*Asks:* 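Below you'll find the structure I mean.
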Amino acid sequence: QVQLVESGGGSVQTGGSLRLSCTASRYASSTGCMAWFRQIPGQEREGVAAIFTSAGTPHYADSAKGRFTISQDKANKRVFLQMNGLKPEDTAMYYCAATTFCAGDSWQQLGLYAYWGQGTQVTVSS
């Protein structure tokens, strides 16, 4: 079992920045791929970014490219999502997720992830 706890959400104005943090109870084979998803009420949860923890390889959804950066701190079992240039359409609940392995664009598949955090709310006002 892996517990994931997110933090760092909040309210900012358009163009602002936030840094989300996800702390895992352990970093092991079960967390070979860590990702951030987001969900707006009434809509499907969508992938934002993922990192393959062994190599630190990042992957991004088109909506995140150029604005968001995913990174990790292996020693402290944390994954971060630095979000710059925030827009009102980025308003959502952001979730951290973990799975054993993902490759290519498979990281965006919800069903791949065995572990999820409770989420942290991000609100961007215009």
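Every heavy atom of this structure was used, including side-chain atoms; hydrogens, water molecules and symmetry mates were not. Since the structure is predicted, the reported quantities are computational estimates derived from the model, not experimental observations.
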*Asks:* Looking at every heavy atom in both Ala50 and Trp107, which two are closest together, and how far apart are they?
*Replies:* CB-CE3, 3.5 Å
*Asks:* Taking all heavy atoms of Leu4 and all of Cys96, pick out the closest pair and write down the distance.
*Replies:* CD1-O, 3.7 Å
*Asks:* How close do Gly56 and Gln72 get, heavy atom to heavy atom, and via which atoms?
*Replies:* CA-NE2, 3.6 Å
*Asks:* Please report the interatomic distance OG1(Thr69) to CD1(Ile51), rounded to the nearest 0.5 Å.
*Replies:*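 Reported to 0.5 Å precision, the distance equals 10.5 Å.
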*Asks:* Quick one: does Ser106's side chain get under 4.5 Å of Leu112's, heavy atoms only?
*Replies:* yes
*Asks:* Hey, is the main chain of Ser54 close enough, under 3.5 Å, to the side chain of Lys74 for a donor-acceptor pair?
*Replies:* yes
*Asks:* Answer whether the closest heavy-atom distance between the side chains of Ile70 and Met34 falls below 4.5 Å.
*Replies:*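 Result no, sub-4.5 Å side-chain heavy-atom pair not found.
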*Asks:* Ignoring hydrogens, what is the shortest heavy-atom contact between Arg26 and Gln1? Give both atom names and the distance.
*Replies:*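 Closest approach of Arg26 to Gln1, heavy atoms only: NE-O, 3.2 Å.
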*Asks:* For residues 23-53, which residue pairs pass the ring pair (Phe, Tyr, Trp, His ring centres under 6.0 Å) check, not counting sequence neighbours?
*Replies:* Phe37-Tyr113, Phe37-Trp116, Phe52-His59
*Asks:* Verify the neighbour count for atom CD of Gln121: are there more than 12 heavy atoms of other residues, nucleotides or ligands below 6.0 Å?
*Replies:*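 Check passes, neighbour count above 12.
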*Asks:* Spell out, as yes or no, whether a donor-acceptor pair under 3.5 Å connects the side chain of Arg45 to the backbone of Tyr95.
*Replies:*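 Not at all, since once roles are kept as given, no pair shorter than 3.5 Å links the two residues.
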*Asks:* Taking Lys87 first and then Asp90, would you say they form a salt bridge - that is, a charged N and a carboxylate O separated by under 4.0 Å?
*Replies:* no
*Asks:* Examine Met93 and Phe68 and state if one hydrophobic cluster contains both, with Ile, Leu, Val, Met, Phe, Trp and Tyr joined whenever side-chain heavy atoms are less than 4.5 Å apart.
*Replies:*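 No, separate clusters.
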*Asks:* Is there a continuous path of hydrophobic side-chain contacts, each under 4.5 Å between heavy atoms, that joins Tyr115 to Leu20?
*Replies:* yes
*Asks:* Is the number of heavy atoms from other residues, nucleotides or ligands under 6.0 Å of Glu44 CD greater than 12?
*Replies:*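 Counting neighbours around CD of Glu44, 12 or fewer heavy atoms of other residues, nucleotides or ligands fall under 6.0 Å, so no.
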*Asks:* Please name the pair of heavy atoms, one in Ser17 and one in Gly85, separated by the smallest distance, quoted to 0.1 Å.
*Replies:* OG-N, 4.4 Å
*Asks:* Hey, does the side chain of Ser25 reach the backbone of Gln3 with a donor-acceptor pair shorter than 3.5 angstrom?
*Replies:* yes
*Asks:* Under 4.5 Å between side-chain heavy atoms, hopping through other hydrophobics if needed: is there a path connecting Leu86 to Leu81?
*Replies:*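 In one cluster with Leu86: Leu81, yes.
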*Asks:* Is the Lys NZ or Arg CZ of Arg19 less than 6.0 Å from the centre of Phe80's six-membered ring, within 45° of the axis?
*Replies:*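 Relative to the ring axis of Phe80, which defines the angle, Arg19 lies inside both limits.
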*Asks:* Taking the side chain as every heavy atom from C-beta outward, state whether Pro88 and Thr14 have any pair of such atoms under 4.5 Å apart.
*Replies:* yes
*Asks:* Do Asn76 and Thr23 have side chains that get closer than 4.5 Å, going by heavy atoms?
*Replies:*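 Asn76 vs Thr23: side chains apart.
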*Asks:* Taking Val79 as the starting point, is it possible to reach Met83 by hopping between hydrophobic residues whose side chains are less than 4.5 Å apart?
*Replies:* yes
*Asks:* Mark yes or no for whether Thr53, through its side chain, and Thr31, through its backbone, hold a donor-acceptor pair below 3.5 Å.
*Replies:* yes
*Asks:* Looking at Thr91, is its backbone amide N or carbonyl O close enough to the side chain of Thr123 to form a donor-acceptor pair, meaning the two atoms are under 3.5 Å apart?
*Replies:* no
*Asks:* Test your reading of the model: is there a side-chain donor-acceptor pair from Glu6 to the backbone of Thr120, 3.5 Å cut-off?
*Replies:* no
*Asks:* Flag yes if more than 12 heavy atoms outside Asn84 fall under 6.0 Å of its CG atom; otherwise flag no.
*Replies:*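 More than 12 heavy atoms, drawn from other residues, nucleotides or ligands, come within 6.0 Å of this atom.
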*Asks:* Under the 3.5 angstrom rule, does the side chain of Gln39 hit a backbone N or O of Ala92 as a donor-acceptor pair?
*Replies:*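 Side chain of Gln39 to backbone of Ala92, a donor-acceptor pair under 3.5 Å: no, none is there.
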